[in-house]
Number of protein chains: 2
Amino acid sequence: MPVTSTRELIIEKADTLFYEGGYEATSFAEIAAAVGISRGNFYHHFKTKDDILNAVIRRRVMSTRIMLDSWQADGAGPRDRILSFVHMLIANRSKIMAFGCPVGTLCTELAKLDHVAQTHAAEIFGLFRDWLAGQFRVLGAGDRAEQLAMHILSWSQGVAVMAVAFRDEAFIRTEVARIESWLSALPNLPHAAKESQCS
Amino acid sequence: MPVTSTRELIIEKADTLFYEGGYEATSFAEIAAAVGISRGNFYHHFKTKDDILNAVIRRRVMSTRIMLDSWQADGAGPRDRILSFVHMLIANRSKIMAFGCPVGTLCTELAKLDHVAQTHAAEIFGLFRDWLAGQFRVLGAGDRAEQLAMHILSWSQGVAVMAVAFRDEAFIRTEVARIESWLSALPNLPHAAKESQCS
DNA sequence: GACGCTATAGGTCAATTGTCCTAGTTGTTT
DNA sequence: AAACAACTAGGACAATTGACCTATAGCGTC
């Protein structure tokens, strides 16, 4: 048996094709060709196109969870953890300038298609929001934690949109630097000291 | 003859359909049905789908110019003019929560489709950027004017993406308020006084 | 009235779409 | 060896896509 099952391969290829070309614009034929299987073989693994979409979203949710967990276990402080999130903009700058943010663009497209999976896709944003809010809570943001999380999430989304519109890498770097200074200059958070034991 | 020509009607209906459903997902048949004409009649006005897209973008560019000019002639100060831009988020909140920002979503979709008109669509962003930069320049921002313009443009785009992802109207209002306070608290701009005669 | 131009309608085209079906192949279990 | 399930391939399906074509209706100008 292969290291990755055919089903897993399909999801993986569909994921990148959905990202780079959009969900609606990506056909079964394209995915099948990318995987290297026949179109007919598809329907043994996925009955409908929506099934593939759901599988792709589920995959993204899981990999997001794993990534957030790894950041959480990094041993770094909450500020550095938030920076890990922000620096994704630079790490993935090439793809972002070409195709935007995978999550934001999918949510937007599904909204226009009035697709039921839109809520499912937004769940990925929810993971980031909750995780970021957790970091801000450790920083003593209290009730404002979630609002700050949404703010930084929104900030990064705006950068992604402008980056793809103008294909401007310098803008990404400028804004990331701005986020960094905003983060380190955050007005005195009440209990910023007690970082450990926050269950 | 009708008040608006058939050609103009087609562009208008195609505009909203492209916005609400996406360019790729909108078919000739849908536009024709929305206008109330036969599909065949289409090709007398537009040879290809790209022609309609270009016409729609040109229409948006023109209406954007008109809007910016009207704000410019408002007699208000540059800060209030910038607020006119920002308050579009609230004025169009219902549509934004359902379909995102017309400009941002179109640019993103065209980028994924690797469509030549992507540059054309980004031109609309360019209009906003230049106009905003002009306002910041009047405020004495000097070389930083364009950077500030891109920042506020990016900010509003991020709000639009999060708004459509979570269908969250409260978030729009929160962020708009945040932009307002950021604007009024902008660190001392060198020549903020000389507002008139800036040709 | 004859001509010419624009506008409109409706049909046709090949290509592609998502979906389904059937016939083989492979591998495991008995 | 036989039986069974999982997998794969390739064709066929109706529907839709963007695009093209011709025929006709309307209208103004000579």
Side-chain angles (χ1 to χ4, degrees), chain A residues 1-58 106 109-110 112-118 120-121, chain B residues 1-58 106 109-110 112-118 120-121:
Chain A
M1 66 198 78
V3 201
T4 52
S5 66
T6 302
R7 189 190 153 86
E8 217 63 38
L9 244 179
I10 292 176
I11 301 177
E12 184 185 320
K13 293 291 185 182
D15 193 341
T16 67
L17 284 174
F18 287 170
Y19 173 38
E20 302 183 357
Y23 169 68
E24 177 89 359
T26 300
S27 68
F28 276 178
E30 286 180 76
I31 307 177
V35 179
I37 63 175
S38 68
R39 287 147 294 139
N41 190 8
F42 240 94
Y43 286 80
H44 185 258
H45 298 280
F46 300 97
K47 293 189 211 298
T48 69
K49 201 180 178 185
D50 292 359
D51 284 346
I52 309 183
L53 177 61
N54 277 316
V56 165
I57 296 178
R58 215 174 304 129
L106 182 62
E109 182 183 1
L110 294 183
K112 294 200 185 224
L113 297 177
D114 204 17
H115 199 289
V116 286
Q118 201 270 349
H120 192 189
Chain B
M1 67 198 78
V3 201
T4 51
S5 65
T6 302
R7 188 189 154 88
E8 217 62 38
L9 244 178
I10 292 176
I11 300 177
E12 183 185 320
K13 294 291 186 183
D15 193 341
T16 68
L17 284 174
F18 287 171
Y19 172 38
E20 301 183 356
Y23 169 68
E24 177 88 358
T26 301
S27 68
F28 275 176
E30 286 180 76
I31 307 177
V35 179
I37 63 175
S38 68
R39 288 148 291 140
N41 191 8
F42 239 96
Y43 287 81
H44 183 258
H45 298 279
F46 300 97
K47 293 189 210 297
T48 69
K49 200 179 178 185
D50 292 0
D51 284 347
I52 309 184
L53 177 61
N54 276 315
V56 166
I57 295 177
R58 215 174 304 128
L106 182 62
E109 183 183 0
L110 295 183
K112 293 200 185 223
L113 296 177
D114 204 17
H115 199 290
V116 286
Q118 201 270 349
H120 193 188

(request) Count the heavy atoms of every other residue, nucleotide or ligand shown that sit under 6.0 Å from CG of A:D50, and state whether that count exceeds 12. (result) yes
(message) I'd like to know if the side chain of B:E109 reaches the main chain of B:Y23, judged simply by a donor and an acceptor atom lying under 3.5 Å from each other, with no hydrogens or angles considered.
(response) yes
(request) Determine whether A:F18 and A:I31 make a side-chain contact, defined as any pair of heavy atoms from C-beta on separated by less than 4.5 Å. (result) yes
(request) Specify the separation, in whole Å, of atom CG of A:D51 and atom P of C:dG18. (result) 14 Å
(message) Just the rounded figure in Å: distance from P of C:dT8 to CG of B:L9.
(response) 10 Å
(request) Taking the side chain as every heavy atom from C-beta outward, state whether B:F46 and B:I11 have any atom pair closer than 4.5 Å. (result) yes
(request) Determine whether B:L106 and B:V56 make a side-chain contact, defined as any pair of heavy atoms from C-beta on separated by less than 4.5 Å. (result) no
(request) Side chain of A:T48 only, please: which of C:dT19, D:dT17, D:dG18 is the nearest? (result) C:dT19
(message) Closer than 3.5 angstrom, by distance alone: can the side chain of A:K13 be matched with the main-chain N or O of A:A32 as a donor-acceptor pair?
(response) no
(message) Among residues 12-28 of chain A, which ones have heavy-atom contacts with DNA chain C below 4.0 Å?
(response) A:T26, A:S27, A:F28
(message) Taking side chain to side chain contact (heavy atoms under 4.5 Å, CB included) as the definition, give me every residue that meets it alongside A:A33, ordered by chain and number, with sequence neighbours left out.
(response) none
(request) In whole angstrom, give the distance that lies between atom CZ of B:F46 and atom P of D:dC20. (result) 15 Å
(request) Write down the distance between NZ (A:K47) and C1' (D:dC7), rounded to a whole number of angstrom. (result) 14 Å
(request) Round to a whole Å and report the spacing from CD1 of B:I31 to P of D:dT17. (result) 11 Å
(request) Return the residues of residues 36-45 of chain A meeting this criterion: a heavy atom under 4.0 Å from some atom of DNA chain D. Order them by number, or give none. (result) A:I37, A:S38, A:G40, A:N41, A:H44, A:H45
(message) Using OP1 and OP2 only, check whether a side-chain N or O of B:T6 sits under 4.0 Å from C:dT8.
(response) yes
(request) Could you tell me how the ring of A:F28 sits relative to the ring of A:Y43: parallel (under 30°), tilted (30 to 60°) or perpendicular (over 60°)? (result) perpendicular
